[in-house]
Amino acid sequence: MKVIDLRSDTVTRPSAAMRAAIAEAEVGDDVFGDDPTVNRLEAVAADRVGKEAAVFVASGTMANLIGVMTNTRPGDEILLGDQSHIFNYEVAGSARIANVQAHALPNADDGSLDVVAVAAAIRPPNIHAPRTSLLCLENTHNRCGGAAIDVETIDGLAAVAHENGARVHLDGARLFNAAAALRLGAERLAQECDTVSFCFSKGLGAPVGSVLCGSNDFVTEARRNRKLLGGGMRQAGILAAAALYALDHNVSRLEQDHANAQRLAEGLRDIGPFAPNEPQTNIVIADVLQGDLDSWLAAFAAAGVLAVPFGPARFRMVTHLDIQDSDIPEALARVAQAVGAHAAA
Ligand code: TLP
């Protein structure tokens, strides 16, 4: 039985063509700035999001941590959503390593933050207070069901941060999914943000890697922080080649993942004891209305459908480029069978 792995869009395996690009990559020592493939990737990536420069890093977590470190000073405060990846899933790196204090504001269901709440949270200069130096946004928003946050909202939040002397970092791990859903360029979505990160290892199907983009001065300093974290890589061109291949071949197909997520959510709704979101991109989040989450996940897994828990009574399924259109009805049939077996028991 073929396992239909919907745990994340990180589970993809490099295609034969991507492996060929990796095998053929020209390489050098990137810490010396000598790797031509990394240099090309950084230039292409910066251009794709409309920034002057980019630095290639190992992961989305590292990109965000270096983003926070480079945009702040120890003892500063950052504002971010209480559902954000940085606040929930990055092992408190911003507290432990960047030495900043996180002030979490409630994310709305659509992944946005309230502009009035952001303005109110930015502290005026005062000898007692930390400096609020950075606002972190996320698009698409993972825990808010892959929500694509519209450009007016991003621009409005960035404007309020800038008016009050704070910078803006955008965690764009799935920025190209947001761009596809909103039918806008990724560079437009990131335009008012000072720095933006995005990942090649999620919807784009590369095995490793993310980039952190911003001004030339920012990226020069970010490279120092990458070295500090042990993230200076040597013949990283073999990884950059996969990322370049992903940008060339796997961006234009993201809408297919979004259509599959919609079909998956509709099917789950019809099956019964689950209340899924209406996915805008490739992430389906479903509340479990009856029965126990762990038992459902175990029953799905026994039927060859993998999902992850995403709250006490909630699971997540993510579509990606290793999920064929025909896998969706098959996954739904298996889930329906598991539900039928549960009802009969
Ligand atoms: N998210 C992973 C898990 O950590 C939850 C996933 O499967 O979705 N920003 C966002 C918005 C992310 O969703 C992720 C990964 C990251 C940053 C971190 O990227 P990595 O895993 O490369 O460190």
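Ligands are counted one by one from 1 in listed order, and the atoms in each one are counted from 1 as well.
- Of all atoms in ligand 1, numbered sequentially from 1 with element shown, those under 4.0 Å from a heavy atom of Glu138 are 11 (C).
- A parallel orientation is assigned to the rings of Tyr245 and His249, their planes being inclined by less than 30° (bins at 30° and 60°).
- When heavy-atom distances to ligand 1 are checked against a 4.0 Å cut-off, Thr140 has no atom that comes that close, whether in backbone or side chain.
- Every atom of ligand 1 with a heavy atom of Ser59 under 4.0 Å away is listed here by number and element: 22 (O), 23 (O).
- By the 3.5 Å distance cut-off applied to N or O atoms, Asp171 is counted among the residues near ligand 1.
- Every N/O-N/O distance between Ser201 and ligand 1 stays at or above 3.5 Å.
- Note on ring orientation: taking the six-membered ring where Trp is involved, the planes of Trp296 and His342 are tilted (angle from 30° to 60°).
- In this structure, Arg334 places its CZ atom where more than 12 heavy-atom neighbours from other residues, nucleotides or ligands lie under 6.0 Å away.
- Residue contacts with ligand 1 do not include Arg7, since none of its heavy atoms lies under 4.0 Å from the ligand.
- Taking each heavy atom of Val168 and Ala161 in turn, the nearest pair found is CG2-CB, 3.7 Å.
- Contacts of Arg316 with ligand 1, taken as heavy-atom pairs under 4.0 Å, involve the side chain alone.
- Considering Asp9, Thr319, Asp257 in turn, Asp9 is the only one that fulfils the side chain to side chain donor-acceptor pair (under 3.5 Å) rule with Asn282.
- The shortest N/O to N/O separation between Gly60 and ligand 1 falls below 3.5 Å.
- Every heavy atom of Met62 sits 4.0 Å or more from the atoms of ligand 1.
- With a heavy-atom cut-off of 4.0 Å, Thr61 touches ligand 1 through backbone and side chain alike.
- Within the listing of ligand 1, atoms 17 (C) sit less than 4.0 angstrom from a heavy atom of Glu90.
- Less than 4.0 angstrom separates some heavy atom of Arg174 from each of these atoms of ligand 1: 6 (C), 8 (O), 12 (C), 13 (O).
- Here Val31 sits alone; no ILVMFWY side chain lies under 4.5 Å from its own, so it joins no hydrophobic cluster.
- Considering backbone and side-chain N/O atoms, Tyr89 never comes within less than 3.5 Å of an N/O atom of ligand 1.
- Classification of Asp194 and Lys51 as a salt-bridged pair fails, no side-chain N sitting under 4.0 Å from a carboxylate O.
- Between Arg234 and Asp35, none of the side-chain N atoms (NZ, or NE/NH1/NH2) sits under 4.0 Å from a carboxylate O, so this pair counts as no salt bridge.
- Taking every non-hydrogen atom of Ser8 and a distance limit under 4.0 Å, the qualifying atoms of ligand 1 come out as 6 (C), 7 (O), 8 (O).
- With respect to Asp76 and Arg167, no salt bridge is recorded, no charged nitrogen being found less than 4.0 Å from a carboxylate O.
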